[in-house]
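First up is the structure itself, then whatever we jot down about it.
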Amino acid sequence: MDTKGFKFNSKAIHAGHIHDKSAGSHVTPIYQTSTFCFDNAEQGGKRFAGKEEGYIYTRLGNPNTTELAEKVAQLENGECGLITSSGMSAISTVLIGVLKKGDHILASDTLYGCTYTFISEMLPQYGIEVTFVDAEDLQNVQDNIKTNTKIIYIETPANPTMKVIDIKKSAEIAHRAGALLVVDNTFMTPYLQRPLELGADLVVHSATKYIGGHGDVVAGIIVGSRKLITMIEPYLKNFGGTTSPFDAWLLMRGLKTLGIRMKTHCENALIVAEYLDKHPKIKKVYYPGLKSHPQYDLSQTQADGFGGMISFELNGTIESGITLMNSVQMITLAVSLGSVDSLIQHPASMTHAGIPREERIKSGIGDSLVRLSVGIENIEDILADLSQALDKI
Ligand SMILES: Cc1ncc(COP(=O)(O)O)c(C=O)c1O
């Protein structure tokens with residue numbers, strides 16, 4: 001069935017679907033196998049030589065990952081996709097696959113922690129030059145382009161201040177310099193933002209988050225043109241960052257409801273952001289859907305919604321953050337994001353506790369900053385839980 005002309009939810013349900021004829025299974029079975037049998041030696045030879053289509057060994061390809069890759073490619077409006085064992089595997093595979101010794105990467109200074117570490121500490125070990133800039137100001141990006149710049153790398157919106165970067169203009173700068181724009185689209189998902197339509201060359205995801213959506217799988221996604229994906233694929237196969245058939249199957253299941261989940265995440269998050277914005281115990285709320293957010297207009301032009309992630313600062317100390325964490329009842333105290341249930345964390349006492357205070361504050365993580373991934377529970381229950389927890393501070 002040609003699903004390319006379908007609307008988002010129909011694509012999310014039908015694109016890539018493999019009709020397994022062996023038992024007439026309605027849902028694609030889990031091809032939980034490490035290897036695939038050949039009819040004879042000649043067939044094995046042809047498959048290895050790429051002269052016959054078919055599977056060989058799950059690290060090199062499996063029906064569950066094929067199906068999923070086709071679905072995510074269609075949802076992101078790209079030509080091809082790859083499924084990886086984690087979001088970090090997607091990011092590292094893209095960067096190692098594209099960059100060569102002597103190349104330069106220009107990255108936003110606001111990135112997921114492990115991405116920042118990979119770029120700042122590991123890429124230089126392979127002879128790759130690295131510059132971080134505040135990419136919200138495109139002049140910084142333009143001014144730091146070098147003749148050897150091969151990638152501009154951004155995440156938008158980005159933690160902790162939910163800073164929004166102009167994807168279209170970043171792509172124009174990259175292309176004028178002969179470089180590629182790579183966008184981490186984890187926070188928005190293709191339901192809300194499709195960077196390839198805005199000129200980006202490659203999109204990466206931590207599928208662990210909204211794509212899976214239920215907090216039960218760790219995986220990643222890469223989407224781009226056939227040419228770029230063909231170039232990157234051998235790095236995935238040879239570094240071995242492929243995902244398991246069962247995880248791919250769980251992602252398939254999660255993706256089918258991505259649209260309806262994201263709609264509710266967005267609706268709930270806006271109500272929570274407005275509630276917190278007026279709350280006397282809150283100093284500042286960072287959410288692109290608030291008119292006070294500096295890139296409210298840009299968010300509206302490049303995305304179809306504002307997402308489910310909110311950061312906020314309490315009027316208080318590090319202790320206030322700890323008290324809030326210990327007072328929530330329905331909202332789960334955990335890192336990660338994008339699950340059906342609301343997740344809350346306090347970076348100063350948890351994820352960033354090991355970073356010297358001054359350095360942490362300089363990177364925008366204040367003592368009382370809280371990150372909330374707003375779930376799809378009933379909004380009344382989310383507000384009631386926040387309200388009783390804030391009363392304890
Ligand atoms: C924006 C973003 N990108 C990438 C990652 C890494 O993903 P994973 O944990 O699936 O490797 C994360 C994880 O939290 C993230 O938030």
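Whatever order the structure lists them in is the order used to number ligands and atoms, beginning at 1.
Taking the six-membered ring where tryptophan is involved, the planes of Y287 and F306 are perpendicular, since the angle between them exceeds 60° and thus also 30°. Taking the six-membered ring for Trp and thresholds of 30 and 60 degrees, F8 and Y191 have ring planes more than 60 degrees apart, a perpendicular arrangement. Ring geometry, H279 versus Y275: the interplanar angle exceeds 60°, so the pair is classed perpendicular (tilted spans 30 to 60°).
Within 6.0 Å of NZ on K263 lie no more than 12 heavy atoms contributed by other residues, nucleotides or ligands.
Among the atoms of G87, some N or O lies under 3.5 angstrom from an N or O of ligand 1.
Between S206 and I211 there is no side-chain heavy-atom pair separated by less than 4.5 Å.
Between the choices D184, I211, V218, the shortest heavy-atom distance to atom 2 (C) of ligand 1 belongs to D184. Distances from atom 7 (O) of ligand 1 to the heavy atoms of S336, S206, S373 put S206 nearest. Here atom 13 (C) of ligand 1 lies nearest to K209 when heavy atoms of M309, K209, M88 are compared.
With hydrogens and angles ignored, the 3.5 Å screen pairs no side-chain donor or acceptor of S387 with any backbone N or O of L383. Checking side-chain atoms of K169 against main-chain N and O of L138 turns up no donor-acceptor pair under 3.5 Å.
Atoms of ligand 1 lying under 4.0 Å from any heavy atom of E155, numbered from 1 in the order shown and given with element: 1 (C). Listed by number with element, the atoms of ligand 1 under 4.0 angstrom from any heavy atom of S86 are 10 (O), 11 (O). Close approach to I91 involves these atoms of ligand 1, each under 4.0 Å from a residue heavy atom: 4 (C).
In terms of protein heavy-atom proximity, atom 10 (O) of ligand 1 is closest to T208 OG1, 2.6 Å. Here the heavy atom of the protein found nearest to atom 16 (O) of ligand 1 is Y112 CD1, 3.7 Å.
Contacts between A219 and ligand 1, counted as non-hydrogen atom pairs separated by less than 4.0 Å, involve the backbone only.
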